[in-house]
Amino acid sequence: EDERIVAEIMERRFFPDHIAYKTWEGFHFAGHEIRITEATDCYGAVVWPSALVLCYFLETHSKQCNLVDKNVIEIGAGTGLVSIVASLLGAFVTATDLPELLGNLQYNIFQNTKQKCKHQPCVKELSWGIDLEKNFPRSSCHFDYIMAADVVYHHPFLDELLLTFDHLCKNDTVILWAMKFRLENENRFVDRFQTLFDLEMISNFPSLNIALFKAMRKGRMKA
């Protein structure tokens, strides 16, 4: 079952049949052909398999996870694939990442959502743990969903990542988080995450070493 679904997910990806002046990959999600321009000189400008897993879930569970008119923020949006798919499914999306990635992120989102979405997504800088209240004040920012794909890997900002989840998440916010398990240090982040949030694994793909989680603030999952 794992291999069958993984094969179906990976079939959503296609490549140009000729060399282009910009490196790009193509994807089929939400009834659209999505072309993602990549850069190979940094982690945040490449589409990783966790993003495909999350996009596949959003599309195939669109009734249970209805994004129409929902307010969604993606942290660590990278190339923007997840944000684009969420936008095509009807959400109002804020795609965020580090300042040096925003140009490529904005380009991908604009090219793939212009005149295709109910709500035009926006792109905003978010450096984890920095100026959170200034840029995303708790009093006025409310997100129905926080989405994240492959934000936990070997980097020194896991504390700041947890702080960012905590700041953005209200009592009724749902976190959808796709994670590739790599090293023990990063895996321990899951234990720390569960001190603040109830966590449920909703999909697991051992062949990719990727799990998809749903999370809410402690005590809110059943409520």
Side-chain angles (χ1 to χ4, degrees), residues 1-18 20 22-38 44-97 101 104-124 143-151 173-180 202-205 207-208 210-214:
E1 181 69 10
D2 165 48
E3 292 180 356
R4 182 188 66 80
I5 297 177
V6 167
E8 185 175 333
I9 293 172
M10 294 306 166
E11 284 175 0
R12 302 301 185 93
R13 169 184 261 157
F14 67 93
F15 299 92
D17 54 12
H18 60 277
K22 284 188 176 181
T23 303
W24 62 270
E25 286 186 75
F27 303 88
H28 292 289
F29 285 110
H32 289 81
E33 179 181 293
I34 302 167
R35 294 193 178 191
I36 297 293
T37 299
E38 298 182 329
V46 176
V47 177
W48 299 100
S50 293
L52 274 67
V53 167
L54 181 49
C55 290
Y56 180 82
F57 173 82
L58 295 177
E59 181 187 79
T60 57
H61 294 76
S62 58
K63 291 184 178 180
Q64 303 95 310
C65 181
N66 185 358
L67 296 183
V68 177
D69 298 330
K70 297 297 192 300
N71 202 10
V72 172
I73 186 169
E74 184 186 5
I75 61 175
T79 59
L81 180 61
V82 172
S83 289
I84 291 165
V85 172
S87 298
L88 292 171
L89 291 171
F92 181 84
V93 176
T94 301
T96 70
D97 216 312
L101 297 175
N104 190 58
L105 175 59
Q106 179 71 67
Y107 174 82
N108 282 328
I109 286 181
F110 180 79
Q111 292 295 317
N112 289 285
T113 63
K114 184 182 178 182
Q115 298 181 338
K116 298 178 182 177
C117 297
K118 184 176 184 180
H119 308 288
Q120 186 61 36
C122 67
V123 173
K124 191 169 181 178
F143 298 105
D144 299 296
Y145 289 92
I146 300 170
M147 297 188 184
D150 226 355
V151 293
T173 301
V174 175
I175 298 171
L176 293 175
W177 166 29
M179 176 178 173
K180 182 176 179 66
I202 53 179
S203 294
N204 185 31
F205 302 100
S207 62
L208 296 174
I210 291 173
L212 178 61
F213 297 103
K214 173 184 176 182

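Quick note: numbers below take in every heavy atom, side chains included, and nothing from hydrogens, waters or symmetry partners.
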Undergrad: For residues Lys214 and Leu176, determine if any side-chain heavy atom of one lies less than 4.5 Å from a side-chain heavy atom of the other.
TA: yes
Undergrad: For Thr173, what residues pass the side-chain contact (heavy atoms from CB on, under 4.5 Å) criterion, not counting sequence neighbours?
TA: Ile146, Cys169, Lys170
Undergrad: Over all heavy atoms of both residues, which pair between Leu54 and Ala148 is shortest? Give the atoms and the distance, please.
TA: CD2-O, 3.9 Å
Undergrad: With sequence neighbours excluded, give me every ring pair (Phe, Tyr, Trp, His ring centres under 6.0 Å) pair touching residues 61-85.
TA: Phe57-His61
Undergrad: What heavy-atom pair brings Ile9 and Tyr56 nearest, and what distance separates the two atoms?
TA: CG1-CG, 3.5 Å
Undergrad: Please report the shortest heavy-atom distance between Gly80 and Leu105, naming the atom on each side.
TA: CA-CD1, 3.4 Å
Undergrad: Is there side-chain contact between Lys118 and Asp69, with at least one heavy-atom pair below 4.5 Å?
TA: yes
Undergrad: Can you name the nearest heavy-atom pair linking Glu38 to Val47, along with the distance?
TA: OE2-N, 3.1 Å
Undergrad: Grab the two heavy atoms, one from Asn204 and one from Ala211, that are nearest each other, plus how far apart they are.
TA: OD1-CB, 4.0 Å
Undergrad: Do you know the tightest heavy-atom contact between Pro49 and Met10?
TA: CB-CE, 4.0 Å
Undergrad: Verify the distance criterion only: is there a donor paired with an acceptor across the side chains of Thr79 and Asn108 at less than 3.5 Å?
TA: no
Undergrad: Using the ring of each side chain (for Trp, its six-membered ring), is Phe213 parallel, tilted or perpendicular to Trp177, with breaks at 30° and 60°?
TA: tilted
Undergrad: Is the number of heavy atoms from other residues, nucleotides or ligands within 6.0 Å of CZ (Phe110) greater than 12?
TA: no
Undergrad: Taking side-chain contact (heavy atoms from CB on, under 4.5 Å) as the test, write out the residues that go with Gln120, two or more places apart.
TA: Thr113
Undergrad: Just how far is it from atom OG of Ser87 to atom CD1 of Ile109, taken to the nearest 0.5 Å?
TA: 6.5 Å
